[in-house]
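Comments concern the structure below.
Computation of the quantities below employed the complete heavy-atom set of this structure, encompassing side-chain atoms and omitting hydrogens, waters and symmetry-equivalent molecules.
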Amino acid sequence: PRGLEIAAMPDTSYPFPSSGPSGSPVLTTTAGAPVADNQNSVTAGARGPILLQDYQLIEKLAHQNRERIPERVVHAKGSGAFGTFTVTADISRYTRAGIFSRIGKSTDVLLRFSTVAGERGAADAERDVRGFALKFYTDEGNWDLVGNNTPVFFIRDPMKFPDFIRTQKRHPRTNLRSPTAMWDFWSLSPESLHQVAILFSDRGLPQGYRFMNGYGSHTYSFWNDAGERFWVKFHFKSLQGIRTWTNEEANEVIAQDRESAQRDLYEAIEKGDFPRWRVCVQIMPEAEANSTPYNPFDLTKVWPHADYPLIDVGVLELNRNPAHYFAEIEQASFSPSNIVPGIGFSPDKVLQGRLFAYADAHRYRVGTHYEALPVNAPKCPVHHYHADGAMRFDAPQGTDAYYEPNSFHGPVQDRTAQEPPLRISGDADRYNHRDGNDDYTQPAALFRMFTAEQKERFYRNIAGAMQGVPGFIIARQLEHFRRADPEWADGVKRALGDAYQEPESAPTNAEART
Ligand code: NDP
Ligand code: HEM
């Protein structure tokens with residue numbers, strides 16, 4: 001009979017011990033029952049079809065189907081590590097934030113680096129802005145400083161962000177990146193010039209995440225126990241020094257290794273060569289914001305160091321690689337809306353837009369209770385009344401106090417955590433953010449800092465990125481370069497060579513600034 005035939009067949013399966021060899025635990029189902037065979041599906045006969053009752057098979061396939069969550073809509077490719085922030089100087093006169101309360105105080109951090117435009121499998125050594133996202137697990141809650149390796153950004157109104165990002169991603173028809181879209185948008189958005197200058201300078205292509213600075217970029221605020229407010233910018237200066245690749249070097253790197261930055265960071269930390277950054281702030285008293293020649297809440301501007309010198313605050317060190325990349329880095333959820341008492345926002349419009357965007361992204365990408373995942377959970381007690389929904393994997397105690405106010409000793413508000421009031425004025429309107437804004441002086445200041453060799457590479461980087469872009473768009477962008485510094489426009493024109501034919505009519509001011 002058939003059953004006997006099967007029994008007579010030689011057993012070619014992997015030998016599976018009933019208890020694990022030398023201390024290995026027994027494999028179980030997610031329900032905890034031991035798995036007898038993890039190599040062979042249950043079939044009707046040796047060659048027969050599989051039975052639906054093989055729950056272990058079904059569970060394995062079903063779990064695999066659910067292994068991905070959507071990648072981040074921007075900054076999809078990244079690397080992260082844990083470490084500490086240690087205070088080295090007293091700034092408690094500016095802020096009551098506990099994290100800065102005493103010299104020597106150390107706070108656990110997570111830092112995720114990223115590129116912006118590429119998908120999760122993109123090569124690391126691409127010319128792009130780098131993300132520099134910090135989560136400080138402070139005693140008073142998580143403070144997320146979600147910055148970049150640049151002190152400024154391409155836009156100054158969040159209304160432009162989805163359009164800008166569209167030009168960085170793939171063209172809907174060709175499914176290719178489009179230099180035409182990029183330069184069309186930039187040339188029609190002169191506020192981008194400062195960030196464009198940084199992107200195509202040497203620093204636009206770091207050798208790895210250890211070799212670049214980080215910036216909070218936005219203006220944030222500090223407030224102290226006396227109720228005084230200060231505007232603040234955050235800087236993280238690499239103690240490894242700045243190291244960059246040329247385009248040609250990066251092409252070589254990518255041909256050998258698409259994960260060059262991940263590898264560099266991971267290996268440095270594994271061998272105990274812990275990367276460090278000097279942490280500094282620039283401080284502006286609240287009232288001075290009315291008298292600076294530039295809008296200090298404009299994300300396309302820096303505060304010149306001569307006016308607002310860097311003040312040392314502490315040292316950031318990364319010293320622990322994640323144990324599980326997906327659990328701790330892919331699921332890490334940063335949001336500029338996570339602040340703690342003593343730190344506040346500012347009127348920066350882009351920051352205001354970001355205060356909405358991130359938590360919204362996390363609820364969609366990770367899930368309703370994403371903040372309870374170990375990597376996102378604060379290391380201080382958490383008491384809130386948000387109740388049900390996907391991933392509610394803790395069981396809150398004290399169930400009589402499940403609304404607020406209540407008479408059952410549920411958590412209550414603490415007015416001492418209230419930020420001092422901020423005076424604002426003006427009519428509600430849609431103000432043209434380009435009116436009267438100087439988009440040229442600061443990019444020109446950067447350009448004039450470059451050495452002759454840096455300028456030559458800068459011209460070539462820009463010209464290389466303009467290949468295939470229609471002449472009228474290049475002409476419009478050259479006009480912006482010319483307004484910053486004629487030498488800049490001439491240099492790019494020279495680097496473009498025959499790739500650029502002067503259009504018959506020069507762009508008008510209106511075209512250049514639309
Ligand atoms: P400073 O001479 O005091 O500072 C110049 C700054 O430029 C330094 O922080 C330096 O960083 C940085 N830098 C040097 N090369 C590059 C590059 N290729 N890309 C980006 N940054 C670079 O001058 P100001 O404060 O008056 O600023 C002048 C210009 O410098 C600004 O318009 C801005 O473009 C740029 N800058 C200014 C910053 C600020 O916060 N004031 C911050 C970063 C850039 P490092 O010290 O690490 O070498
Ligand atoms: C990631 C939106 C501007 C830095 C993201 C994500 C969104 C987003 C939706 C993905 C979040 C996720 O899924 O986890 C926006 C919007 C902006 C804006 C709407 C402007 C209106 C900026 C600026 C900076 C910045 C100005 C830096 C100064 C980052 C970083 C990440 C990120 C570093 C990756 C965070 C991580 O490592 O998980 N952004 N962004 N963004 N953004 Fe922005």
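Nearest heavy-atom pair across I283 and I311 is CG1-CD1, 3.8 Å. Annotation for A475 and Y500: closest pair CB-OH, 3.4 Å, computed over non-hydrogen atoms. When every heavy atom of P179 is checked against every heavy atom of A465, the shortest pair comes out as CB-O, 3.5 Å. Nearest heavy-atom pair across T115 and Y209 is N-OH, 4.0 Å. For the residue pair T219 and D348, the shortest heavy atom distance occurs at N-OD2, 4.2 Å. Of all the heavy atoms in D139 and K105, the pair that sits closest is OD2-NZ, 2.7 Å.
R127 and N247 form a side-chain donor-acceptor contact under 3.5 Å, judged by distance and modelled atom types alone. For the 3.5 Å distance criterion, the side chains of D157 and H433 fail to qualify, holding no donor opposite an acceptor. With 3.5 Å as the limit, one finds a donor-acceptor pair spanning the side chains of S337 and S335. Of the N and O atoms on the side chains of T86 and E317, not one donor lies less than 3.5 Å from an acceptor on the other residue. A donor-acceptor contact closer than 3.5 angstrom is absent between the side chains of S187 and Q477. Remark: the E270 side chain and the N321 side chain contain an N/O donor-acceptor pair separated by less than 3.5 Å. A side-chain donor-acceptor contact under 3.5 Å links N376 and S333.
Within the 4.5 Å cutoff, the side chain of N38 has heavy atoms near those of the K60 side chain. With contacts defined as side-chain heavy-atom distances shorter than 4.5 Å, the pair V302/H194 qualifies. Looking only at side-chain heavy atoms (C-beta outward), F132 and W277 come within less than 4.5 Å of each other. Between R112 and H75, some side-chain heavy-atom pair lies under the 4.5 Å cut-off. With a 4.5 Å cut-off on side-chain heavy atoms, S79 and I329 do not count as touching. Taking 4.5 Å as the limit, every side-chain heavy atom of S217 sits out of range of all side-chain heavy atoms of F153. Within the 4.5 Å cutoff, the side chain of T167 has no heavy atoms near those of the D184 side chain. Contact check for I254 versus W245: no side-chain heavy atoms found under the 4.5 Å cut-off.
Remark: K77 engages E259 in a salt bridge, criterion side-chain N to carboxylate O under 4.0 Å. Under a 4.0 Å N-O distance rule, the pair D163/K160 qualifies as a salt bridge. Classification of R448 and E487 as a salt-bridged pair fails, no side-chain N sitting under 4.0 Å from a carboxylate O. Electrostatic pairing of E479 and R483 counts as a salt bridge here, judged by a charged N lying under 4.0 Å from a carboxylate O. Checked for salt-bridge contact, E330 and R72 meet the test: a charged N lies under 4.0 Å from a carboxylate O. Under the 4.0 Å criterion applied to side-chain N and carboxylate O atoms, D439 and R156 are assigned as salt-bridge partners. A salt bridge links R494 and E456; the closest N-O separation between the charged side-chain nitrogens and carboxylate oxygens is under 4.0 Å.
Under the 3.5 Å distance criterion, the side-chain polar atoms of K135 are left unmatched by any main-chain donor or acceptor of L111. Although no hydrogens or angles enter the test, the distance criterion places a donor-acceptor pair under 3.5 Å between the side chain of H171 and the main chain of R173. A distance-only check finds no donor-acceptor pair linking the side chain of E71 to the backbone of A76 [under 3.5 Å].
K301 forms no cation-pi arrangement with Y294, by the criterion of a distance under 6.0 Å to the ring centre and an angle within 45° of the ring axis. Note that R130 lies outside the cation-pi zone of F113, set by a 6.0 Å cut-off to the ring centre and a 45° limit from the axis.
Atom CG in N338 sits 11.5 Å away from atom CD1 in I343 (nearest 0.5 Å). The CG atom of N461 sits 12.0 Å away from the OH atom of Y459 when rounded to the nearest 0.5 Å. Rounding to the nearest 0.5 Å places OG of S346 at 7.0 Å from CD of Q352. The distance from the NE2 atom of H305 to the NE2 atom of H235 is 5.0 Å, given to the nearest 0.5 Å. Summarising the geometry, atom CD1 belonging to I99 is positioned 9.0 Å from atom CD belonging to E140; distances are rounded to the nearest 0.5 Å. With values rounded to the nearest 0.5 angstrom, R457 atom CZ is found 4.0 Å from D202 atom CG.
Between F136 and W143, the ring planes lie parallel to each other; the angle is under 30°, not in the 30° to 60° tilted range. Ring-plane geometry between W488 and F447 is classed as parallel, the angle between the planes falling under 30 degrees on a 0 to 90 degree scale with a further cut at 60.
Surrounding CG of D388 are at most 12 heavy atoms belonging to other residues, nucleotides or ligands under 6.0 Å away. The number of heavy-atom neighbours closer than 6.0 Å to CD of E59, taken from other residues, nucleotides and ligands shown, is above 12. For M159, the CE atom sits in a loose shell: 12 or fewer heavy atoms of surrounding residues, nucleotides or ligands are nearer than 6.0 Å. The 12-atom threshold is not exceeded at CZ of R166, counting heavy atoms of other residues, nucleotides or ligands nearer than 6.0 Å. In K455, the NZ atom is crowded: over 12 heavy atoms of neighbouring residues, nucleotides or ligands sit closer than 6.0 Å. By the 6.0 Å contact criterion, CZ on R276 is open, its count of non-hydrogen atoms from other residues, nucleotides or ligands being 12 or less. Environment of OH in Y55: sparse, with no more than 12 heavy atoms of neighbouring residues, nucleotides or ligands closer than 6.0 Å. Atom OH of Y431 has more than 12 heavy atoms from other residues, nucleotides or ligands within 6.0 Å.
Residues F334 and Y358 keep their aromatic ring centres 6.0 Å or farther apart. Residues F222 and F234 place their aromatic rings such that the two centres sit under 6.0 Å apart. Annotation: Y215 is not in aromatic contact with F236 [ring centroid separation under 6.0 Å not met]. Taking the six-membered ring for Trp and the full ring otherwise, the centers of W183 and F200 sit less than 6.0 Å from each other. Separation of the W231 and Y308 ring centroids does not fall under the 6.0 Å cut-off. Taking the six-membered ring for Trp and the full ring otherwise, the centers of F185 and F154 sit at least 6.0 Å from each other.
With F85 as reference, V313 is the one residue of V315, T138, V313, D108 to meet the side-chain contact (heavy atoms from CB on, under 4.5 Å) rule. Just one residue in the list T107, L239, L134 forms a side-chain contact (heavy atoms from CB on, under 4.5 Å) with L316, and that residue is L134.
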Run V469 and T180 through side-chain contact (heavy atoms from CB on, under 4.5 Å) and show every step you take.
CA-CA 5 Å; V469 175; T180 297; 4.3 Å; yes
Taking it one step at a time, do E191 and N437 satisfy side-chain contact (heavy atoms from CB on, under 4.5 Å)?
CA-CA 8 Å; E191 70 270 24; N437 229 310; over 6 Å; no
Would M212 and Q207 count as a side-chain contact (heavy atoms from CB on, under 4.5 Å) if you check the C-alpha gap in whole Å, the side-chain angles of each, and the deciding distance to 0.1 Å?
CA-CA 8 Å; M212 61 186 208; Q207 281 195 14; over 6 Å; no
Taking it one step at a time, do T300 and Q442 satisfy side-chain contact (heavy atoms from CB on, under 4.5 Å)?
CA-CA 9 Å; T300 69; Q442 292 201 355; over 6 Å; no
